[in-house]
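The structure appears right after this line, and notes come after that.
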Amino acid sequence: NLSMYLVQVNDSDGINQILFNEFSGTDNQIKLAQGVAWNTLDSDTDLTWWADGYEGGGHEIDITLYGDNNDMAVQQTNQGSTTGHSFDLHMSGDGNKVQVKQQSDGDKNLNLTIYNDYNDVFVRQKGNNASHNATITLDGLYGTDLILKQMSTTDQMYTVSVDCMTVGGCAVSVTQE
């Protein structure tokens, strides 16, 4: 059982990195922010934050997590010249909730793989002057809900693979604006 709240702010042109190469446990609460924003992202007792000093750093998150009943919220935001946002998550277990917001300028790249049942996933990529790419694989025997929103006036690409073997089906919603 892990509760982690991590904020990275960078006002230079360097790259913020969060790398967790395999950790495991159940009932993990993980809330991460790069460039900052939050002020709720579905709370878990808020933990506030904001800050917009027009940060210029790029953002990278790469996590491998094994366990059940994980709740993960991630926000990557940026204004000004940047290399963009990259989020890679490999998760294995049951009953997971994942929320990701990538916003403002810079390319937005997301690779998400979850092997388990009962997933609830929300991804929003928003911002102009940059491409939005999402590759999502959800694999399990029971219900999965996925909402993917890509919002901007630039390139928007996605690949979604969902294995759903439940009578009630799975809900997948993709919006490109």
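Residue numbers count from 1 along this sequence.
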Trace of the side-chain contact (heavy atoms from CB on, under 4.5 Å) decision for N70 with K97: CA-CA 6 Å; N70 300 296; K97 180 179 179 182; over 6 Å; no
Any donor-acceptor pair under 3.5 Å from Q29 side chain to M4 backbone: no
Nearest-0.5 Å distance that lies between atom CD in Q125 and atom OG in S152: 9.0 Å
D107 (side chain) donor-acceptor with S131 (main chain) under 3.5 angstrom: yes
Approximate separation, where rounding is to 0.5 Å, of N119 CG and L138 CG: 5.5 Å
Rounded distance [0.5 Å steps], CD in Q102 versus NE2 in H132: 8.5 Å
Smallest separation among heavy atoms of N28 and G25, with atom names: ND2-O, 3.0 Å
Minimum-distance pair of heavy atoms, taken over all atoms of N96 and N69: OD1-N, 4.0 Å
Spacing of T175 atom OG1 and Q150 atom CD [to the nearest 0.5 Å]: 9.5 Å
Derivation of the ring pair (Phe, Tyr, Trp, His ring centres under 6.0 Å) call for H59 and F87: CA-CA 8 Å; H59 305 119; F87 178 68; over 10 Å; no
Y66-I114 co-clustered via ILVMFWY side chain contacts under 4.5 Å: no
Any I61 side-chain heavy atom under 4.5 Å of Q76 side chain: yes
Pairwise side-chain contact, L146 with V160, heavy-atom cut-off 4.5 Å (strictly under): yes
K101 vs V74 side-chain heavy atoms within contact, under 4.5 Å: no
Set of residues satisfying side chain to side chain donor-acceptor pair (under 3.5 Å) with respect to N111, sequence neighbours excluded: D88
Full working for side-chain contact (heavy atoms from CB on, under 4.5 Å) between F20 and I30: CA-CA 12 Å; F20 296 115; I30 302 167; 5.7 Å; no
Single-linkage hydrophobic cluster V98~V174, side-chain heavy atoms < 4.5 angstrom: yes
Working for side-chain contact (heavy atoms from CB on, under 4.5 Å), residues L89 and M72: CA-CA 10 Å; L89 173 64; M72 179 177 290; 3.9 Å; yes
Within one Ile-Leu-Val-Met-Phe-Trp-Tyr cluster: L148 and M151, side-chain cutoff 4.5 Å: no
With Y158 via ring-ring contact (aromatic ring centres under 6.0 Å, His included) - residues at least two apart: none
Single-linkage hydrophobic cluster L112~F23, side-chain heavy atoms < 4.5 angstrom: yes
Shortest non-hydrogen contact between M157 and N133, atoms and distance: CE-OD1, 2.7 Å
N21 side, atom CG; D62 side, atom CG - distance, nearest 0.5 Å: 7.5 Å
Side-chain donor/acceptor of D117 to backbone N/O of D94, under 3.5 Å: no
Distance in Å, E60 CD paired with N109 CG, rounded so as to fall on 0.5 Å steps: 10.0 Å
Step-by-step side-chain contact (heavy atoms from CB on, under 4.5 Å) determination, I147 to V121: CA-CA 6 Å; I147 297 172; V121 179; over 6 Å; no
Y115 reachable from I136 in the ILVMFWY side-chain graph, under 4.5 Å edges: no
Short side-chain donor-acceptor distance under 3.5 Å, R124 and Q103: yes
